[in-house]
Amino acid sequence: METISFARGIPAPECLPVEELADCARAAVERDGRTVLSYGAVGGYEPLRAWIAERHDVDPGRVLVTNGSLQGFVFLAQRFAGGRVLVELPTYDRPLKILGSLGIEVGAVPMDEEGLDPDALEHALRTGPKPAFLYTIPTFQNPSGRTLSTERRKRVVELAREHALLVLEDDPYGLVRFEGDAPPALFELEGGERVAYSSSFSKTIAPGLRVGYFVLPPELERELEAMAVSTYITPVLIGQATVHEFVRRGNFEPNLERVRGLLRVRRDAMIDAVAQEFPDGVGWSRPEGGYFLWLELPEEIDAAQLLARAEEAGVTFVPGSDFGGAPNTARLAYSFVSPEEIREGVRRLAALLAPVAA
Ligand SMILES: Cc1ncc(COP(=O)(O)O)c(C=O)c1O
């Protein structure tokens, strides 16, 4: 029996525009090979940097294009090593590990269906030592799929101003929206003095390109550039130039529409399947985009123990505790598997849940 993976938060293979990228990579080298095959600007391939700067209406000098956005997160975390960082919980597990490895004290801000709780944020700001920054994923959050409401976004920005708090808004999924209106980015609300913004072409084009970026206050951009030079001298310009060729040809929006369509049917398949198959007492988030569904199981069920039995039954997921969530929570990714596999995987999980909930 093939194992069905709800653990892999990566795009389904058909989301990747393989042929077009092959063509863009060749064209990029032919057009600008002497630049992209050499050492070059540490801040990123200039034409792509300019394209990103224009999209966000900022000076290109504030844009740092990195080898995936996680690399930029490492630089930011290293810059504040030894300090304290606030994170919403649950949150993306890799940043948690990076912060831990740098000896950074992590302060947890709880969240609910509307995203991080601003009252809890205010409490954390008034009590512990001043944090270096707040790390938040306000839209289609990894792992919960939840989106911070507009009202709460305004409060977070107000608190950032009041407490001179730097906020890192990590937004790789925002454009992967299937329906509904997008709330304003924290970055747009604030104007960029207190909010640093990061995003990536991993979910909108292809993660293997390893092209992510940060929009930073100017001084911080220069500091992180210096760290980037000491780490890799120059980022992978050929990947960045391939992305630039892709967007230059006008492929970005049509590709995004295509990807949204492919993922929307997966989201729908998962929501329909859990609604049909799961017993009473199991709750789940209803994301309008992104990759993930968040499960809240009856309190007596430990998701890590359930995972061991699920693996035997041919289906995997990530227990919520890996993201700092409660033991009875779990992340189901619908991004990688086909709609048929989603239905079958949910059936396998439901068969394990039914006897417990009965
Ligand atoms: C919230 C979040 N931030 C950052 C990343 C990493 O993105 P990149 O591929 O640009 O390093 C991911 C990848 O899954 C993610 O979920």
Side-chain angles (χ1 to χ4, degrees), residues 5-12 15-16 21 44-45 48-49 52 63-78 85-99 106 109 111 115-116 133-148 167-177 185-187 195-216 224 228 231-232 235-236 239-240 242-243 246 252 256 259 263 285 287 289-294 317-318 320 322-325 331-336:
S5 177
F6 296 151
R8 304 200 75 183
I10 65 173
C15 290
L16 307 174
L21 283 175
Y45 183 58
L48 182 63
R49 220 178 167 193
I52 295 167
V63 177
L64 180 68
V65 192
T66 48
N67 297 330
S69 63
L70 195 66
Q71 175 73 76
F73 182 85
V74 172
F75 294 148
L76 189 73
Q78 283 172 342
V85 168
L86 297 180
V87 302
E88 63 207 2
L89 273 191
T91 194
Y92 182 30
D93 50 346
R94 290 188 199 282
L96 279 179
K97 286 184 188 132
I98 292 163
L99 295 170
V106 175
V109 180
M111 63 191 297
L116 81 81
F133 64 93
L134 163 73
Y135 173 63
T136 179
I137 311 160
T139 307
F140 311 140
Q141 198 234 18
N142 183 2
S144 69
R146 290 169 180 155
T147 293
L148 189 67
V167 176
L168 172 59
E169 175 175 27
D170 187 11
D171 187 28
Y173 301 101
L175 289 175
V176 188
R177 172 174 283 278
L186 298 174
F187 177 75
V195 179
Y197 181 88
S198 64
S199 189
S200 171
F201 294 96
S202 290
K203 323 293 170 184
T204 54
I205 305 182
L209 292 160
R210 306 309 298 132
V211 183
Y213 66 89
F214 276 64
V215 182
L216 297 160
L224 265 52
T231 305
Y232 48 54
V236 184
Q240 298 186 13
T242 304
V243 168
F246 193 83
F252 188 69
L256 198 51
V259 167
L263 292 173
S285 59
Y291 280 20
F292 309 110
L293 216 72
W294 187 242
F317 59 85
V318 184
D322 283 19
F323 307 99
R331 187 191 79 175
L332 301 188
Y334 50 77
S335 56
F336 179 63

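In each ligand, atom 1 is the first atom listed, and ligand 1 is the first ligand listed. Here the structure is a predicted model, which means the values were calculated and not measured.
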Query raised in the report: Is the distance between the ring centroids of Tyr173 and Phe292 under 6.0 Å?
Result: yes

Report summary line: Tested for side chain to side chain contact (heavy atoms under 4.5 Å, CB included) against Lys203, the lone hit among Leu175, Val176, Ile10 is Val176

**Report entry** Every residue of the protein that comes under 4.0 Å of ligand 1, judged on heavy atoms
**Finding:** Gly68, Ser69, Leu70, Tyr92, Ile137, Asn142, Asp170, Pro172, Tyr173, Ser200, Ser202, Lys203, Arg210

Report task. Using the test salt bridge (Lys or Arg N to Asp or Glu O under 4.0 Å), find all partners of Arg210 that sit at least two apart in sequence or belong to another chain. Result -> none

Query raised in the report: Does Glu169 use its side chain to pair, donor to acceptor, with the backbone of Phe187 at less than 3.5 Å?
Result: yes

Query raised in the report: With no hydrogens and no angle check, is any side-chain donor or acceptor of Ser285 less than 3.5 Å from a backbone partner on Trp294?
Result: yes

Query raised in the report: Side chains of Tyr135 and Asp170: donor-acceptor distance under 3.5 Å anywhere?
Result: yes

